[in-house]
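FYI, side chains are in, hydrogens and waters are out, and symmetry mates aren't considered; it's all heavy atoms of this structure. Predicted, not measured: the structure shown is a model, and the values here were computed from it. So you know, we letter chains A, B, ... as the sequences are listed, proteins then strands, and number each from 1.
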2 protein chains.
Amino acid sequence: MSNIRDVAKVAGVSIATVSRALSAPETVSKKSLKKVHEAIEQVQYKPNMLARNFRRHRAFTIVVLVPNMANTFFANVVRGIEDIMQQHGFGVLLGDTRDQRKREEEYLKLVETRQADGVIQLRPYLEGDSILPKNDIIAVNAAGCENTPYPCVRIDNAGAAKTATDYLISLGHQRIGVITGLANNPHTVDRLKGYQQSLTAAGIEFCEDWVAEGEFTMWSGLNAAQHFVRLPEDERPTAILSMNDEMAIGAIKGFRTAGINIPGDLSIVGFDDIEVSRYTEPALTTIAQPAEEIGKAAANMLLKLLDGNELRNLDYVLPYEFVVRSSSVPKSN
Amino acid sequence: MSNIRDVAKVAGVSIATVSRALSAPETVSKKSLKKVHEAIEQVQYKPNMLARNFRRHRAFTIVVLVPNMANTFFANVVRGIEDIMQQHGFGVLLGDTRDQRKREEEYLKLVETRQADGVIQLRPYLEGDSILPKNDIIAVNAAGCENTPYPCVRIDNAGAAKTATDYLISLGHQRIGVITGLANNPHTVDRLKGYQQSLTAAGIEFCEDWVAEGEFTMWSGLNAAQHFVRLPEDERPTAILSMNDEMAIGAIKGFRTAGINIPGDLSIVGFDDIEVSRYTEPALTTIAQPAEEIGKAAANMLLKLLDGNELRNLDYVLPYEFVVRSSSVPKSN
DNA sequence: GTGAAAGCGCTAACAG
DNA sequence: CTGTTAGCGCTTTCAC
């Protein structure tokens, strides 16, 4: 394995010139540049990034903390992050935390020990249960919630949930159920707020029985459906807002298994607009989050921070879109 | 930011002792060890991994090349990889190549420039269109195909496709269609082989019209369905093998839109067993690949290679499972 | 069991 | 525009 010294020797220049030829070619004469490139070719030189990064005190790597990479929405956010980072010469270390705090801490150590320059967190901030923000750690939150105490890019979760609920009400539904994530999850909190605002605005009284707690998985959506199935038919919601598409998909399965027709007997609206939601039967009405854009914006924010710049906006809110498909219909009779 | 020298000074020992206390504690006296740990605490020392890795000529990082992270199957393989790597103190750099050769090359440079020690490739090997194997690059292929010229962990794709087709034949189906990936994709080739073996064994003549080319996306599955819909009804397959679940899901949508009832009019079998396949309507009969296990096995192989060990088995074949659900039924009348 | 010292391969003043 | 030189923070001989 050849090094910068070998190149310098063959090219007949100093190692400084070789170094400059690579990282600041404009400061080197055409002639030297040519010699250096020929020498590089000849000795098959590949710069040792381990050495370069060490010397520069930068890893040119970030780590992304994601609760579950198998979740399509998260995967798409990560793709956006990676795309931007790649363009800027940064690597992205994957930190699939599987919702375990210990793993989050483990991955954060990469930043503390300089293996990574910064971190993008995909888990929403929760007071008392967050490893971020932290001193000396440059971080941004992606797809998070209101009132995140460090730079954050997100959508208006409450507003989106209100939009979806308003729509169901406009369809004539009065008994509107909701499938949430875990009760203390900030996404649950924000979206529940929007749901309740909508109910209040329409003069509908909130009912505990209309809330089924899930955990953002298909499986938990199916369980949530069973909760509603158990209610007497005249108290059962005629429409349901699910706080993500996975749970909506699970719920549809659960309702159908119980002989409840979707959307004939019950309308359902999801959240996220993952790809498969266009293909389910019925196709899912849902809130479309711009997953990749969220990732890209978060990456750009982090890059600015890493360059030592101040951020103009610490809470960057991207627009969502409400997509009507066939899982929601006017209340029958 | 404190360094090893600060620790040594406070502890009253040499920097060599501090270094040893951290990487080979058994060679240091209890007394020194205690002093060192107290000093570390006092000056808040975090070892600089950039320096350590540079000095050790190892990045303790690998890169994983994945065609598309938004594909649930790939995501699960990556999760398996990451889990093992994490346990062994290695980071995993994400290389979502989006099926672009240029991006593959870009990411491979990380290995050549020592930012990563090795690579796991999730795209199957294709002669004449592969950046691997490559001299001086330690690599293993995960979820690949037969005859991969470097270490590989996979399932028996041909066997699995044959199993699925045999099953459809046993259900009385004679006209059996297949939705493939791109024609030159090795997975397409291997699985098509199994499909044809099954047909031959049953004395059914292969028919060109029964093959629709997709590209492993839901969208392309939907298009493939339209190809079959265009065939005269008495020549149309009564059962279809889709080379992955995504295309099967797209195809179901396509058939249903055309008024074809699944599984009443047409049985369909998928491949991979991604999570959502349990929740579709009808639930998908499919070949279950042990995605995480494949990832873990590939990671363990790479780790062995990185430690300079020889591999006992260069083609590690894991078992698949055939999962019967409701998308496949006996041929009607 | 411990310390002194020599670098790993590169970058970045600094002087010319 | 170019070369000399002093390290970055750590590991690892080699003596003692």
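Atom NZ in Lys30(B) sits roughly 10 Å away from atom P in dG1(C) (whole-Å rounding). If you measure from atom CD1 of Ile4(A) to atom P of dT5(D), you get 17 Å, rounded to the nearest angstrom. Regarding Met49(A), its CE atom lies at a distance of 11 Å from the C1' atom of dC10(C), rounded to whole Å. Distance NZ (Lys35(A)) to P (dC1(D)): 14 Å, rounded to an integer number of Å. Rounded to a whole Å, the CD atom of Gln115(A) is 16 Å from the P atom of dG9(D). We find that CG of Asn3(A) is positioned 10 Å from C1' of dC8(C), with the value rounded to whole Å.
Take the nearest nucleotide of DNA chain D for Leu33(A) and for Arg5(A): the residue whose nucleotide is more 5' is Leu33(A).
Of the residues in residues 50-63 of chain B, those placing a heavy atom less than 4.0 Å from an atom of DNA chain C are Phe54(B), Arg55(B), His57(B), in numerical order. Near DNA chain D, defined here as any heavy-atom distance below 4.0 Å, the residues from residues 8-26 of chain A are Val13(A), Ser14(A), Ala16(A), Thr17(A), Arg20(A), listed numerically.
The side-chain heavy atoms of Ile84(A) and Leu303(A), taken from C-beta on, include a pair separated by under 4.5 Å. In this structure, the side chains of Leu22(A) and Ile40(A) come closer than 4.5 Å at one or more pairs of heavy atoms. Within the 4.5 Å cutoff, side-chain heavy atoms of Pro133(B) are placed close to those of Tyr125(B).
Between Ser32(A) and dC1(D) there is no side-chain N or O to OP1 or OP2 distance below 4.0 Å. Close to dT2(D), at under 4.0 Å from its OP1 or OP2, lies no side-chain N or O of Thr27(A).
Thr72(B) and Ala70(A) make their closest contact through CG2-O, 4.1 Å (heavy atoms, listed as atom of the first residue, atom of the second, distance).
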After noting the C-alpha distance and the side-chain angles of Glu275(A) and Asn76(A), does the key distance pass the side chain to side chain donor-acceptor pair (under 3.5 Å) rule?
CA-CA 10 Å; Glu275(A) 194 191 3; Asn76(A) 280 314; over 6 Å; no
Glu106(A)/Arg103(A) under salt bridge (Lys or Arg N to Asp or Glu O under 4.0 Å): CA gap, chis, key distance, verdict
CA-CA 5 Å; Glu106(A) 211 62 50; Arg103(A) 288 177 76 110; over 6 Å; no
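Side chain of Arg98(B) to backbone of Arg79(A): a donor-acceptor contact under 3.5 angstrom is found. With Asn71(B) contributing its side chain and Asn68(B) its backbone, the two residues share no donor-acceptor pair below 3.5 Å.
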